[in-house]
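The basis for the numbers below is simple: all heavy atoms, side chains too, and nothing from hydrogens, waters or symmetry mates. Proteins come first, then strands; the chains are lettered A, B, ... in the order of their sequence lines, and each starts at number 1.
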2 protein chains.
Amino acid sequence: MNEENLWCLKEDGYHAERHKYYEGLFTQGNGYMHVRGSFEEGYSDAPQDEEYLRFPDNVTLEKPRHPKSKQGTFIPGIVGQHPLLKEEIVNLPYYLGLELKSAGESLDMDRCRISSYKRWLDLRDGSLHRSFIWETAEGMRLYCTYHRYISMADSHLCIQRVQVQALSGEGSLEVKPTLRANVRTNGMNHFARVVPASEPEGSLSLDILTEEGNQIFMQSVLEVSEAITWQDEHTAMIASLRGECLLHTGDQLTVCKLTAVTTDRDLEEGTVRDRALMHLGQARDWGWEELYHRHAAKWKSKWEDADIRIQGDDAAQVNVRASLYHLVRSNAEQDDRVAICAKGYAGEAYFGRYFWDTEINLLPFFLHTSPQAARNLLLFRYHTLEGARRNARKYGYRGARYAWESSLSGEEQCANWQYADHEIHITADVVYALYHYVNATGDDEFLGRYGIDILVETARYWCDRVDWNPEGYGELLGVMGPDEYLPFTRNNAFTNRMVKFSLEQTVACLYNLQHSKPDGYAAVVERLDIRPDERELFRHTAEKLRLPYDSQTEIVPQSDDFAQYADLEFDTLWTDRSRPFGHFISQERNYRSKALKQADVLELMLLFPQEFTREQMKAAYAYYEPITTHDSSLSAAVHGIVASWLEHKEEAEKLLQRVMAIDLSVEKKGAAEGIHIANCGGLWQLIVYGFAGMASAMWSENLHLQPRLPEGWEEIRFQVVWRGERYRVTVRPDAYEVNKLNGGEAVASQTI
Amino acid sequence: MNEENLWCLKEDGYHAERHKYYEGLFTQGNGYMHVRGSFEEGYSDAPQDEEYLRFPDNVTLEKPRHPKSKQGTFIPGIVGQHPLLKEEIVNLPYYLGLELKSAGESLDMDRCRISSYKRWLDLRDGSLHRSFIWETAEGMRLYCTYHRYISMADSHLCIQRVQVQALSGEGSLEVKPTLRANVRTNGMNHFARVVPASEPEGSLSLDILTEEGNQIFMQSVLEVSEAITWQDEHTAMIASLRGECLLHTGDQLTVCKLTAVTTDRDLEEGTVRDRALMHLGQARDWGWEELYHRHAAKWKSKWEDADIRIQGDDAAQVNVRASLYHLVRSNAEQDDRVAICAKGYAGEAYFGRYFWDTEINLLPFFLHTSPQAARNLLLFRYHTLEGARRNARKYGYRGARYAWESSLSGEEQCANWQYADHEIHITADVVYALYHYVNATGDDEFLGRYGIDILVETARYWCDRVDWNPEGYGELLGVMGPDEYLPFTRNNAFTNRMVKFSLEQTVACLYNLQHSKPDGYAAVVERLDIRPDERELFRHTAEKLRLPYDSQTEIVPQSDDFAQYADLEFDTLWTDRSRPFGHFISQERNYRSKALKQADVLELMLLFPQEFTREQMKAAYAYYEPITTHDSSLSAAVHGIVASWLEHKEEAEKLLQRVMAIDLSVEKKGAAEGIHIANCGGLWQLIVYGFAGMASAMWSENLHLQPRLPEGWEEIRFQVVWRGERYRVTVRPDAYEVNKLNGGEAVASQTI
């Protein structure tokens with residue numbers, strides 16, 4: 001297979017019913033902004049501004065709106081208030097618009113006569129390409145090609161180029177660049193003011209004020225190969241220009257649209273308008289080539305850090321790169337006021353919210369490829385500690401309680417109380433992530449400067465949240481673990497272990513601080529107003545918090561009451577395994593039955609592998625896998641890693657396929673509502689922790705591997721940053737090699 | 001105290017902040033229609049058509065809208081679709097409007113100079129009276145009196161009379177009768193078309209089409225003592241006339257407004273307009289006096305059946321009569337397509353829905369005062385069996401599952417899944433009520449004709465709903481019992497006992513039918529398609545369904561897992577016991593703690609008293625009462641009855657006060673959002689089952705009493721219908737007497 005096939009996601013012919021899937025999968029972005037992979041000319045019968053009331057249903061199971069197409073333009077940090085869903089990311093005006101018309105016939109992929117269609121996303125530089133031949137009703141054959149990218153180097157800029165070549169026939173071609181604010185988010189209009197404008201020499205702009213008071217400014221400049229006179233054709237919500245030219249056989253029209261987008265949240269000085277103009281001016285000074293070169297170089301450098309090269313499985317290679325592409329794209333490199341939303345800023349589902357995915361599923365990838373990004377993700381939690389404090393207060397507790405679904409402030413945004421109220425492990429997950437970051441990077445200072453506040457405040461919350469049973473043990477009642485199909489359990493093994501860990505680390509951190517930096521400790525005590533008896537309370541609670549298992553437990557129970565739930569006959573109920581199990585059972589029945597949505601005990605074992613015997617792991621896998629529906633996209637990768645550890649090779653390979661299919665299966669259209677970004681992080685973990693067998697930096701000081709490659713994989717190669725040093729890891733079925741970079745010296749290599 | 005004080009609810013002076021309370025408490029009605037006790041002229045700063053999105057929050061704890069006033073006009077059966085709350089009763093146009101203006105000054109109780117204010121509801125005939133002196137800015141002193149009633153005899157008619165007498169001064173008086181459709185229900189407009197009209201001789205009408213397609217027609221005719229020329233002043237949503245006259249000192253103007261209301265759901269022939277005109281014509285033929293006489297006679301007869309005469313406690317006397325008044329008013333005598341909604345058609349809260357209140361709290365009163373009404377309530381459940389079947393199917397079960405919140409069709413309307421999904425006891429409550437009806441009335445035919453369908457279809461549901469544990473016992477998991485503060489329990493004692501009862505009766509009923517009427521049985525088997533093995537399944541499930549207690553259990557547990565919930569320190573948490581406990585704790589914490597919203601095990605003991613020893617009852621009361629918050633209005637009466645049975649006299653009397661305060665306490669404004677109609681039924685039960693100690697007809701073939709009157713009560717007297725015969729019961733502290741009526745022969749009397 002040539003290099004292109006290992007790097008390009010290609011659409012397999014034109015299929016109208018796959019629009020939404022490719023819109024999600026082909027999302028482009030650069031951390032600052034993201035745009036779904038929609039066609040420049042839009043779609044017939046797919047209005048983007050339908051008004052409706054979206055309910056806070058179960059996103060996993062609900063039937064999505066917009067059967068045909070949903071455009072999406074997202075800038076992390078620009079949010080609006082939805083009356084039912086709470087704070088949601090705003091779907092901003094669609095700025096890619098470039099509509100063509102020939103002799104009155106609008107280009108419409110579904111209605112026009114189209115042939116030789118091709119589209120592909122080049123993962124190397126995140127550029128999207130399309131070409132086809134349009135045979136117009138008037139008899140022209142027009143060869144149309146589209147190219148676009150969102151600059152990774154100049155994050156406010158999007159560059160588009162459209163070429164139309166008359167293969168035969170002649171006639172007029174009308175070109176209509178647009179900036180469209182007739183866009184609603186989950187049925188809501190979030191725009192308080194829309195001002196379209198233009199200048200006759202070929203520029204158009206949209207000045208937006210959102211209901212939350214954010215300003216967004218978009219300006220496009222057009223460059224055309226033929227002399228075109230632009231006329232404006234604005235409506236209240238749409239800025240547009242119209243120009244026309246005559247094409248004869250052999251003629252080619254090239255239209256370049258350069259768009260700058262700015263908001264009042266940007267970390268730059270100046271008005272949104274001035275800055276947009278500045279970015280446009282700079283780009284024109286550089287010229288198209290230099291602009292592209294800067295962009296491509298940035299992507300190249302990111303791929304050097306992030307890529308996993310797989311030899312012996314080309315299909316896996318391109319699929320894995322697709323996931324890595326979305327991980328890299330989703331990360332806001334410079335901005336620690338936002339994190340990575342559950343759909344990777346590639347759709348309206350999950351409303352741009354931040355879940356535990358960040359800490360548990362995404363963080364490892366960033367820890368070992370881009371520690372600065374990992375640091376930002378933790379800083380985001382630090383910055384939102386005040387919101388977490390408000391959450392705790394709202395529930396009547398002291399300290400800080402992280403939101404199950406966080407937006408900008410950290411206050412709870414989850415509109416379904418069963419998750420918001422009961423999925424409390426998120427608060428401990430943040431602490432786990434904090435230690436994972438410190439252990440993986442060696443950035444010990446982070447603990448004393450930021451982490452300590454998180455530790456003490458969350459410990460306070462836990463001490464209030466714990467109930468004490470008559471035997472003197474602390475319990476966590478009314479808890480939903482990672483398995484969201486049991487909302488109300490007693491002493492969930494995963495949750496209790498994570499909370500115990502969190503409290504233990506708080507105690508240890510305070511102790512270490514007191515003994516290593518007495519002054520620093522005194523300052524922390526004063527700042528956080530730590531009472532003398534509080535440390536003892538933390539210690540006591542950490543010690544006495546009940547775990548529903550110990551090293552002798554044969555099958556670690558998901559919770560103390562797990563045995564009391566009902567058994568199900570899956571084969572009778574789940575008659576079509578290509579659809580989620582949740583479609584075949586009522587929530588009411590599901591909530592009282594042993595049918596897991598996702599890994600729960602196995603997730604615990606993944607995070608604390610050293611605490612379980614191989615027999616326990618084996619027993620847990622054998623018991624839980626058959627009753628786990630994997631209805632959550634977070635589940636398959638965890639099972640895959642554990643399967644790999646247990647040398648269940650076939651199972652692990654099946655799970656690898658399942659993980660890759662979550663976004664990439666054309667049949668399942670998994671990416672239609674956005675990218676399952678946690679699963680992308682899970683795929684990285686499956687390869688690195690599972691197949692390469694890298695020991696978690698949480699529990700291993702040294703970079704250590706234990707490869708178990710899938711059948712047919714000849715070699716995988718990736719880089720990891722480990723405690724400040726970058727290494728190249730090469731794993732073959734029978735050996736592995738670790739080379740320290742910047743010098744290239746091999747620090748470890750082993751034959752197995 | 002004179003008779004009037006024992007029959008009239010009097011407002012104690014004018015207090016603007018009590019508008020809503022009296023609007024609820026003074027609701028008038030006749031089963032067919034109901035109108036809250038608002039002032040004829042409306043209120044300043046209290047628009048009735050605010051648009052907002054009401055969320056399906058916890059009605060018990062949410063902060064109500066409309067701080068000042070909410071008018072309410074309800075016809076059971078006229079419903080609309082709310083996007084969040086589902087089907088709700090429509091607040092219809094306000095037809096009482098009669099607005100006064102003197103020399104440009106509108107009468108407004110909050111802004112005008114008012115003195116000698118009096119208002120009272122006369123419970124004898126449900127008439128509402130108001131009088132006051134209005135000193136106008138121009139110096140007139142006007143003595144205004146208002147009287148109105150909704151005819152109990154002619155159910156489509158409302159009669160109003162307003163008199164204005166000039167005590168001193170002279171000037172013009174403007175009179176403006178209105179029919180106002182500028183009314184929203186819980187923030188929603190349900191009117192698709194509103195057509196106001198009038199005729200110059202003094203009549204006005206409003207023709208309404210609701211969004212659901214119902215027609216409502218209202219027509220008022222006016223009769224005035226002075227010659228007044230009416231001019232219409234309609235707006236899009238309001239029909240109104242304006243007339244003026246000049247008053248000199250001593251002059252008196254009388255305005256009578258006679259309004260007829262009809263809908264397309266009425267059980268009458270003809271168009272809504274024709275019928276309204278017919279009712280108006282008939283009324284005018286009768287004349288005012290005859291019209292009133294018919295009405296008053298009907299009320300008199302109802303009071304004969306329903307009254308409880310209490311000697312020795314005048315305060316209790318009038319309070320008890322207030323509850324009986326609302327019970328009588330709420331019942332739609334002739335219409336088995338509706339039941340009695342949770343707020344007694346006296347407010348928008350609970351959306352006009354039917355809960356288990358009907359079966360458990362209201363039915364006993366109707367069983368023993370108006371068996372035909374009781375029969376209608378059960379027929380309502382029979383008619384909605386198809387909706388119950390759809391509910392079962394929706395959850396994936398066979399048979400029929402009654403809705404936790406029912407509207408017209410029987411389909412589930414509860415928008416909060418924790419109640420809708422888990423409060424399954426409603427389905428068994430219907431069966432309990434069915435047997436209660438049959439046992440109390442002796443109407444055995446009802447079982448074979450209607451009941452059998454309910455029995456078999458609900459039994460089918462239960463057999464699907466039960467999970468089987470490894471020991472071979474049936475369990476009900478994921479259940480909310482009557483105590484709504486524990487949403488997700490295992491084998492709730494109340495629920496499991498009720499379900500066991502329900503299944504046992506199904507088995508018995510089929511057996512009896514087979515042996516007493518083989519032909520009838522064969523027809524039932526065919527109609528309901530009863531499989532040969534199904535009866536055995538019903539029997540087996542009835543037998544094996546687990547109860548979390550037996551006769552040896554010291555403290556009957558609320559559920560199998562009750563002991564595992566957390567203990568609370570009530571005194572620390574509940575710092576103001578005048579407010580609901582739910583205001584002092586988050587739902588999350590509440591859901592995992594031993595703090596009951598209402599009686600659960602005690603409710604079980606109330607329904608199955610013969611199955612528990614006195615020691616068990618005593619232990620249950622001692623254990624549960626201190627951890628029961630009585631946040632539900634259904635709770636206090638149950639505790640009161642059990643306290644009375646246990647001879648906890650002081651407790652029982654305190655609970656009596658608590659029960660009476662629920663709607664009647666001026667401080668708590670309990671009736672503001674509507675009447676707690678279940679509590680009214682509970683009050684009847686507290687007196688009849690508790691203080692008079694009448695044995696439940698469920699378990700006693702004979703009318704049997706065991707009086708334990710509260711301190712100071714010298715005598716109570718009431719009528720009961722028992723198996724088709726009517727009795728007068730007289731209870732004194734040391735004796736009771738039962739007299740069969742229609743003959744007056746004393747069939748039993750006993751001295752204790």
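Most heavy-atom pairs under 4.5 Å with chain A: of the set B:A420, B:P83, B:G396, B:P487, this distinction falls to B:P83. Ranked by heavy-atom pairs shorter than 4.5 Å toward chain B, the options A:I424, A:L84, A:L573, A:V479 are led by A:L84.
Considering all non-hydrogen atoms of both residues, B:L477 and A:A566 come closest at CD1-N, 3.6 Å.
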Under 3.5 Å, which donor-acceptor pairs link chain B to chain A? Give each pair on its own line with the distance.
residue: B:Y397; atom: OH; partner: A:E588; partner atom: OE1; Å: 2.9
residue: B:Y397; atom: OH; partner: A:E588; partner atom: OE2; Å: 3.2
residue: B:Y397; atom: OH; partner: A:R592; partner atom: NH2; Å: 2.5
residue: B:W417; atom: NE1; partner: A:Q418; partner atom: OE1; Å: 3.3
residue: B:Q418; atom: OE1; partner: A:W417; partner atom: NE1; Å: 3.3
residue: B:R465; atom: NE; partner: A:E588; partner atom: OE2; Å: 3.1
residue: B:R465; atom: NH2; partner: A:E588; partner atom: OE2; Å: 3.3
residue: B:D467; atom: OD1; partner: A:R592; partner atom: NH1; Å: 3.3
residue: B:D467; atom: OD2; partner: A:R592; partner atom: NH1; Å: 2.6
residue: B:E588; atom: OE1; partner: A:Y397; partner atom: OH; Å: 3.0
residue: B:E588; atom: OE2; partner: A:Y397; partner atom: OH; Å: 3.2
residue: B:E588; atom: OE2; partner: A:R465; partner atom: NE; Å: 3.1
residue: B:E588; atom: OE2; partner: A:R465; partner atom: NH2; Å: 3.3
residue: B:R592; atom: NH1; partner: A:D467; partner atom: OD1; Å: 3.3
residue: B:R592; atom: NH1; partner: A:D467; partner atom: OD2; Å: 2.6
residue: B:R592; atom: NH2; partner: A:Y397; partner atom: OH; Å: 2.4

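Under the side-chain contact (heavy atoms from CB on, under 4.5 Å) criterion, B:A542 pairs with B:L503, B:E504, not counting sequence neighbours.
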